[in-house]
Amino acid sequence: MTAKISYADVEVGTELPAQRFPVTRATLVQYAGASGDFNPIHWNERFAKEVGLPDVIAHGMFTMAEAIRVVTDWVGDPGAVVEYGVRFTRPVVVPDDDKGAVIEVSGKIAAKLDDDTVRVDLTATSAGQKVLGASRAVVRLA
């Protein structure tokens, strides 16, 4: 695969299509199985509250992975991501109901770099609070 977006076609400030990612307790169990991270704060409400959390929380790496989907879906090639990093600022609290939580992610081109790469800054929120800070990806475009 190669990137479907051309470096010449983007400018600083270009916005990527925003996305919403639902998260339920079932999602967390599936992710725990795939990742091997069975920490009880991600599935056991009693334990999560005993350690001072408001409820069960999503895995940080799950939240990070959902956020980068805005970039990979936009560029059309996950391999185009050259670097990616975030700072975890708040947890995504996932209630035990039919709705769960939603991670809302938007992104925009913050800088055009060398070698047909761009820096994309992402904003990820859940329940109106920013859950990732300094969320940035460098992406190689066509």
Side-chain angles (χ1 to χ4, degrees), residues 1-7 9-114 116-142:
M1 297 178 75
T2 60
K4 296 178 182 172
I5 304 294
S6 170
Y7 182 81
D9 291 339
V10 299
E11 299 297 331
V12 170
T14 299
E15 293 187 13
L16 283 60
Q19 294 190 50
R20 296 170 47 92
F21 303 102
V23 186
T24 64
R25 296 278 178 96
T27 308
L28 299 182
V29 171
Q30 291 167 337
Y31 182 81
S35 69
D37 181 353
F38 293 100
N39 186 322
I41 63 174
H42 303 304
W43 57 269
N44 184 316
E45 185 174 332
R46 179 185 45 78
F47 184 84
K49 288 181 176 182
E50 283 177 1
V51 298
L53 295 168
D55 207 331
V56 165
I57 63 170
H59 303 73
M61 297 306 256
F62 172 83
T63 303
M64 187 177 174
E66 291 293 74
I68 196 65
R69 286 177 58 190
V70 167
V71 175
T72 59
D73 289 354
W74 170 72
V75 75
D77 177 11
V81 177
V82 176
E83 41 181 276
Y84 176 46
V86 306
R87 186 171 44 87
F88 300 105
T89 57
R90 293 192 190 282
V92 174
V93 177
V94 183
D96 188 15
D97 59 19
D98 293 338
K99 296 178 185 174
V102 174
I103 302 168
E104 299 178 279
V105 184
S106 61
K108 68 178 177 179
I109 306 298
K112 289 185 86 168
L113 309 171
D114 297 331
D116 295 332
T117 60
V118 295
R119 189 185 90 213
V120 178
D121 289 355
L122 297 167
T123 301
T125 62
S126 184
Q129 297 190 328
K130 196 172 187 178
V131 295
L132 298 177
S135 183
R136 297 184 179 114
V138 174
V139 184
R140 178 160 287 108
L141 301 180

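Heads up: numbering here begins at 1 and tracks the sequence. The shown structure was predicted, so the numbers you read here are calculated from the model rather than taken from an experiment.
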Which pairs count as salt bridge (charged side-chain N to carboxylate O under 4.0 Å, His left out) when at least one residue sits in residues 53-80, sequence neighbours excluded?
R25-D55, E66-R69
Not counting sequence neighbours, list each pair that qualifies as a salt bridge (charged side-chain N to carboxylate O under 4.0 Å, His left out) and has a residue in residues 126-141.
D121-R136
With no hydrogens and no angle check, is any side-chain donor or acceptor of [X] less than 3.5 Å from a backbone partner on [Y]?
X: S135; Y: L132; value: no
X: T14; Y: I109; value: no
X: Y84; Y: M64; value: yes
X: K112; Y: Y7; value: yes
X: T125; Y: G128; value: no

Once the angle between the rings of H42 and H59 is folded into 0 to 90°, is it parallel (under 30°), tilted (30 to 60°) or perpendicular (over 60°)?
parallel
Among V81, L16, V75, V10, which one satisfies side-chain contact (heavy atoms from CB on, under 4.5 Å) with V120?
L16
Checking F21 now: which residues fulfil ring-ring contact (aromatic ring centres under 6.0 Å, His included) with it, not counting sequence neighbours?
none
Carboxylate-amine/guanidinium contact K108 E15, below 4.0 Å:
no
Would you say R119 has more than 12 foreign heavy atoms packed within less than 6.0 Å of its CZ?
yes
